[in-house]
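Sequence lines set the chain letters: A, B, ... in the order given, protein chains first and strands last, and positions in each chain run from 1.
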2 protein chains.
Amino acid sequence: MRIRTATDLGAFIRERRTRLGMDQIALAKKAGTSRKWLVEVEQGKPGAEIGLILRALKSLEISIDVEADSPVETTSQGKAKAPDINSVLDSLKKRPLKKQI
Amino acid sequence: MRIRTATDLGAFIRERRTRLGMDQIALAKKAGTSRKWLVEVEQGKPGAEIGLILRALKSLEISIDVEADSPVETTSQGKAKAPDINSVLDSLKKRPLKKQI
DNA sequence: CGAGATAGTAACCGAACGGTGACAGATTGT
DNA sequence: ACAATCTGTCACCGTTCGGTTACTATCTCG
């Protein structure tokens, strides 16, 4: 499932928790947090800390994957991008020297 | 890329940011946060709030997907699970009535 | 009906977050 | 050498998070 907002995440967590037959206390305990925290997260609290979120997801055996949408989009010019020596160097250094007009 | 820790996430964000040729200020501004925050997140800060993380990922055109690892694992018994009327009802109610011995 | 379990909410409080501004180090280009 | 850029760090501060505890409402089952 694609996650776009904290609400999405909360809904998914709740979905998974209930499907596993766990109550809020069980999950909170397993994730090393509090029930209050879980309630708020399941309601879509955007202020929840990523570390606790990750622990909760792990407790629910949920995997998270991130992926770059557009491959690179150098300067948003439709130009075809043939791999050249400079792009290779840039990839290695991961820091474009200039704006590469 | 699979995300397991805040450090994984920070590394991926930095990777994507540099590959897009953005500096910290540019991304922070686009995501509506501060450069200090970005620095800490890229270093793997577990206390970062999920809402800001999501904004940053959106700014970098990064998609997040979550997925339940094991389909259901009713009681962790290797028993094969043929879909029966009860499981369907449970799925709808999303709340197992009992421990379903 | 009544006991028990689950979930949502409230108040309180210490700890940590995030923003701002400034500074130092490193790197790049002139 | 110099200026410009980018990054990491620091101190300060208002806001908010997360834990604890208690109370209430809802639902299930005996």
Side-chain angles (χ1 to χ4, degrees), chain A residues 5-7 9-60 75 86-87 89-101, chain B residues 5-7 9-60 86 89-101:
Chain A
T5 69
T7 302
L9 185 61
F12 190 81
I13 288 178
R14 171 157 220 161
E15 169 74 21
R16 175 68 172 167
R17 174 178 65 79
T18 55
R19 193 139 296 177
L20 289 179
M22 301 175 69
D23 57 23
Q24 293 174 336
I25 293 181
L27 177 54
K29 189 174 181 180
K30 189 171 184 181
T33 180
S34 67
R35 192 172 71 87
K36 177 200 176 213
W37 179 85
L38 226 201
V39 170
E40 292 170 339
V41 166
E42 290 187 349
Q43 291 174 344
K45 183 180 190 178
E49 300 182 5
I50 186 68
L52 295 179
I53 295 282
L54 291 174
R55 293 222 303 266
L57 294 181
K58 183 170 186 175
S59 298
L60 291 170
T75 319
N86 284 325
S87 70
L89 291 176
D90 286 358
S91 295
L92 291 176
K93 300 191 56 181
K94 291 178 202 162
R95 188 178 174 190
L97 306 180
K98 251 185 170 175
K99 226 36 166 318
Q100 196 172 350
I101 311 163
Chain B
T5 68
T7 303
L9 185 61
F12 190 82
I13 288 178
R14 171 157 220 161
E15 168 74 21
R16 176 68 171 165
R17 175 178 63 79
T18 55
R19 192 139 296 177
L20 289 179
M22 300 175 70
D23 58 22
Q24 294 174 335
I25 295 181
L27 177 53
K29 189 173 179 179
K30 189 170 183 181
T33 179
S34 67
R35 193 172 70 86
K36 177 198 178 217
W37 180 85
L38 226 200
V39 171
E40 293 170 338
V41 166
E42 290 187 351
Q43 291 174 343
K45 183 181 191 179
E49 301 181 4
I50 187 66
L52 296 180
I53 295 281
L54 292 174
R55 292 222 304 264
L57 293 181
K58 183 170 187 175
S59 297
L60 290 170
N86 284 325
L89 290 177
D90 286 358
S91 295
L92 291 176
K93 299 191 58 181
K94 293 180 201 162
R95 188 179 175 191
L97 305 180
K98 253 188 168 174
K99 224 36 167 315
Q100 196 171 353
I101 310 165

In chain order, what residues pass the side chain to side chain contact (heavy atoms under 4.5 Å, CB included) check against Ala26(B), with sequence neighbours excluded?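 Once residues adjacent in sequence are excluded, the partners of Ala26(B) under the side chain to side chain contact (heavy atoms under 4.5 Å, CB included) criterion are Met22(B), Asp23(B).
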
With sequence neighbours excluded, residues passing side chain to side chain contact (heavy atoms under 4.5 Å, CB included) with Thr7(A):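 Checked Thr7(A) against side chain to side chain contact (heavy atoms under 4.5 Å, CB included); matches are Thr5(A).
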
Could you tell me the separation between the [atom1] atom of [X] and the [atom2] atom of [N], rounded to a whole number of Å?
X: Gln24(B); N: dT27(C); atom1: CD; atom2: C1'; answer: 14 Å
X: Glu49(B); N: dG14(D); atom1: CD; atom2: P; answer: 18 Å
X: Lys29(A); N: dA5(C); atom1: NZ; atom2: C1'; answer: 16 Å
X: Ile25(B); N: dG8(D); atom1: CD1; atom2: P; answer: 12 Å
X: Glu40(B); N: dA16(C); atom1: CD; atom2: P; answer: 13 Å
X: Met22(B); N: dT5(D); atom1: CE; atom2: C1'; answer: 16 Å
X: Asp23(A); N: dG4(C); atom1: CG; atom2: P; answer: 17 Å

Near DNA chain D, which residues from residues 41-48 of chain A have a heavy atom under 4.0 Å away?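 Result for residues 41-48 of chain A: Lys45(A), Gly47(A), Ala48(A), sorted by number.
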
Any heavy-atom pair between the side chains of Arg55(A) and Lys58(A) that's under 4.5 Å?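 They are not in side-chain contact.
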
Show me the donor-acceptor pairs within less than 3.5 Å that the side chains of residues 30-38 of chain A make with the rest of the protein, sequence neighbours left out.
{"unit_1": "Lys30(A)", "atom_1": "NZ", "unit_2": "Ser59(A)", "atom_2": "O", "d": "3.4"}
{"unit_1": "Ser34(A)", "atom_1": "OG", "unit_2": "Trp37(A)", "atom_2": "N", "d": "3.2"}
{"unit_1": "Arg35(A)", "atom_1": "NH1", "unit_2": "Gln24(A)", "atom_2": "OE1", "d": "3.2"}

Which value, rounded to the nearest 0.5 Å, describes the distance between Leu9(A) atom CG and Leu54(B) atom CG?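 It is 7.5 Å, given to the nearest 0.5 Å.
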
Please round to 10 degrees the angle between the axis of the first five pairs and the axis of the last five pairs in the helix from dC1(C)-dG30(D) to dT30(C)-dA1(D).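 The end axes of the helix from dC1(C)-dG30(D) to dT30(C)-dA1(D) are about 50° apart, to the nearest 10°.
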
Using a 3.5 Å cut-off and no angle test, enumerate the donor-acceptor pairs between side-chain atoms of residues 43-52 of chain A and protein atoms at least two apart in sequence or in another chain.
{"unit_1": "Lys45(A)", "atom_1": "NZ", "unit_2": "Glu40(A)", "atom_2": "OE1", "d": "3.0"}

Would you confirm whether Arg16(A), through its side chain, and Leu60(A), through its main-chain N or O, come within 3.5 Å as a donor-acceptor pair?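 Judged by distance alone, yes, a pair lies under 3.5 Å.
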
Give each protein N/O atom lying under 3.5 Å from an N/O atom of nucleotides 19-26 of chain D, with the pair distance.
{"unit_1": "dG19(D)", "atom_1": "OP1", "unit_2": "Thr33(A)", "atom_2": "OG1", "d": "3.2"}
{"unit_1": "dG19(D)", "atom_1": "OP2", "unit_2": "Thr33(A)", "atom_2": "OG1", "d": "2.9"}
{"unit_1": "dG19(D)", "atom_1": "OP2", "unit_2": "Ser34(A)", "atom_2": "N", "d": "3.1"}
{"unit_1": "dG19(D)", "atom_1": "OP2", "unit_2": "Ser34(A)", "atom_2": "OG", "d": "2.4"}
{"unit_1": "dG19(D)", "atom_1": "O6", "unit_2": "Lys36(A)", "atom_2": "NZ", "d": "2.9"}

